[in-house]
Every structure is written in C-alpha cells, then in structure tokens.
Amino acid sequence: MKFAAVTACQAGVAHTYMAAESLEKAGKERGIQIRVETQGSIGIEHALTAEDIAEADAVILTNDMPIRGEERFAGKKIVRISVSDAVKKAPAIIKKLESMLQ
C-alpha cells in the first residue's frame with residue numbers, strides 16, 4: 001500500500017515538518033510507503049512527482065490552509081486532516097486509512 005501526503009500550516013514552520021515526520025514514521029511502522037511533500041515558509045520541498053501520485057492508494061492533505069497544486073490529486077481518494085492531528089494522531093490515521101482501503 002502506498003500513500004502520498006501534503007502538509008502545510010499557517011506559519012509554515014514547525015508544524016508543517018512535524019506533521020510530515022509523524023506521517024512518515026507512522027507509515028513506516030505499518031509497512032506502508034508514504035511520500036510527504038511539505039509546503040512551508042520556504043516553499044515546496046520534497047515535491048510529489050506524477051508517479052508518486054499515480055501510485056498512491058490515497059492522499060492525505062492537511063486542511064489548515066489551502067494546498068498549492070491540489071488539482072494534481074483529482075480522482076484520488078483524499079483524506080483531509082488538521083496539522084495537529086497529523087502530529088498527534090498519525091498512527092491512528094494511517095491505521096484507519098489502511099483499513100478503509102482493504
């Protein structure tokens with residue numbers, strides 16, 4: 001199973017990157033490949049490729065602010081979560097999404 005994600009927060013600093021790290025760690029613990037793009041104060045880092053998106057079974061988007069380039073995910077299963085939930089509840093989110101897709 002593969003997921004793609006984009007994290008962004010209002011300030012574009014700590015929480016953006018903490019959310020990305022939490023999602024990556026939770027995915028790894030469950031044996032799920034997850035690629036995370038961050039949209040922080042210094043711009044887009046680790047940009048998802050067309051291949052990353054095409055191969056993703058689902059896309060996780062933080063909903064604290066608009067995600068740049070969201071149209072790239074048309075036709076994909078999208079789950080919207082807060083940055084706070086991504087930081088604090090990533091294992092539960094990954095597990096629930098995994099069970100929804102099986």
Side-chain angles (χ1 to χ4, degrees):
M1 193 167 287
K2 294 183 180 183
F3 297 158
V6 181
T7 61
C9 68
Q10 294 296 334
V13 189
H15 286 95
T16 297
Y17 302 101
M18 290 167 53
E21 185 178 325
S22 292
L23 290 170
E24 288 169 341
K25 181 180 176 188
K28 185 176 183 179
E29 289 172 354
R30 296 205 55 85
I32 294 171
Q33 293 181 354
I34 183 166
R35 288 260 305 126
V36 183
E37 171 181 303
T38 56
Q39 295 187 2
S41 61
I42 59 173
I44 295 174
E45 295 180 282
H46 311 290
L48 295 170
T49 66
E51 184 176 343
D52 293 330
I53 297 166
E55 292 178 352
D57 296 298
V59 177
I60 301 167
L61 302 177
T62 56
N63 60 10
D64 297 70
M65 60 181 294
I67 297 296
R68 289 174 270 176
E70 190 172 325
E71 67 280 354
R72 299 174 286 169
F73 309 114
K76 287 290 183 181
K77 169 73 176 167
I78 295 175
V79 176
R80 296 179 190 278
I81 61 173
S82 70
V83 170
S84 176
D85 282 350
V87 172
K88 297 176 185 174
K89 301 176 184 176
I93 291 165
I94 296 295
K95 184 177 180 178
K96 183 174 181 177
L97 186 53
E98 180 183 19
S99 68
M100 288 171 48
L101 295 171
Q102 290 182 336

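Because the structure is predicted, anything quoted here is derived from the model rather than measured.
In this structure, I32 and L97 have side chains that are not in contact, with every pair of non-hydrogen atoms separated by 4.5 Å or more. Side-chain contact between H46 and E24: absent, with no pair of heavy atoms (C-beta onward) separated by less than 4.5 Å. Under the 4.5 Å side-chain criterion, counting only non-hydrogen atoms from C-beta, F3 is in contact with I94. Side-chain contact between T16 and E45: absent, with no pair of heavy atoms (C-beta onward) separated by less than 4.5 Å. A 4.5 Å side-chain heavy-atom check between I67 and T62 finds at least one atom pair inside the cut-off.
A pairwise comparison of heavy atoms in A4 and L48 identifies CB-CD1, 3.9 Å as the closest pair. Across every non-hydrogen atom of A86 and I81, the tightest pair is CB-CD1, 3.6 Å. The heavy-atom pair separating A8 from D64 by the smallest distance is O-CB, 4.1 Å. Here the shortest heavy-atom pairing between I34 and G27 reads CG2-CA, 4.2 Å.
Remark: E21 CD is loosely packed, at most 12 non-hydrogen atoms of other residues, nucleotides or ligands lying under 6.0 Å away. Other residues, nucleotides and ligands place more than 12 heavy atoms under 6.0 Å from the NZ atom of K76.
For E29, the side chain to side chain donor-acceptor pair (under 3.5 Å) criterion is met by no residue, not counting sequence neighbours.
Between the NZ atom of K89 and the OG atom of S22 there is a distance of 13.0 Å, given to the nearest 0.5 Å. K95 NZ to S99 OG: the interatomic distance, rounded to the nearest 0.5 Å, is 8.0 Å. Remark: I78 CD1 to N63 CG distance equals 12.0 Å, nearest 0.5 Å. Distance CD/E70 to CZ/R72: 9.0 Å, rounded to 0.5 Å. Between the CZ atom in R30 and the CD atom in E98 there is a gap of 4.5 Å [rounded to 0.5 Å].
There is a path of hydrophobic side-chain contacts, each under 4.5 Å, that joins L23 to V79. Under the 4.5 Å side-chain contact rule for hydrophobic residues, V36 and L61 do not share a cluster.
Distance alone, capped at 3.5 Å, places no donor-acceptor pair between the T7 side chain and the T38 backbone.
The stretch residues 50-61 participates, sequence neighbours left out, in these side chain to side chain donor-acceptor pair (under 3.5 Å) pairs: K2-E55, R35-D52, T49-D52.
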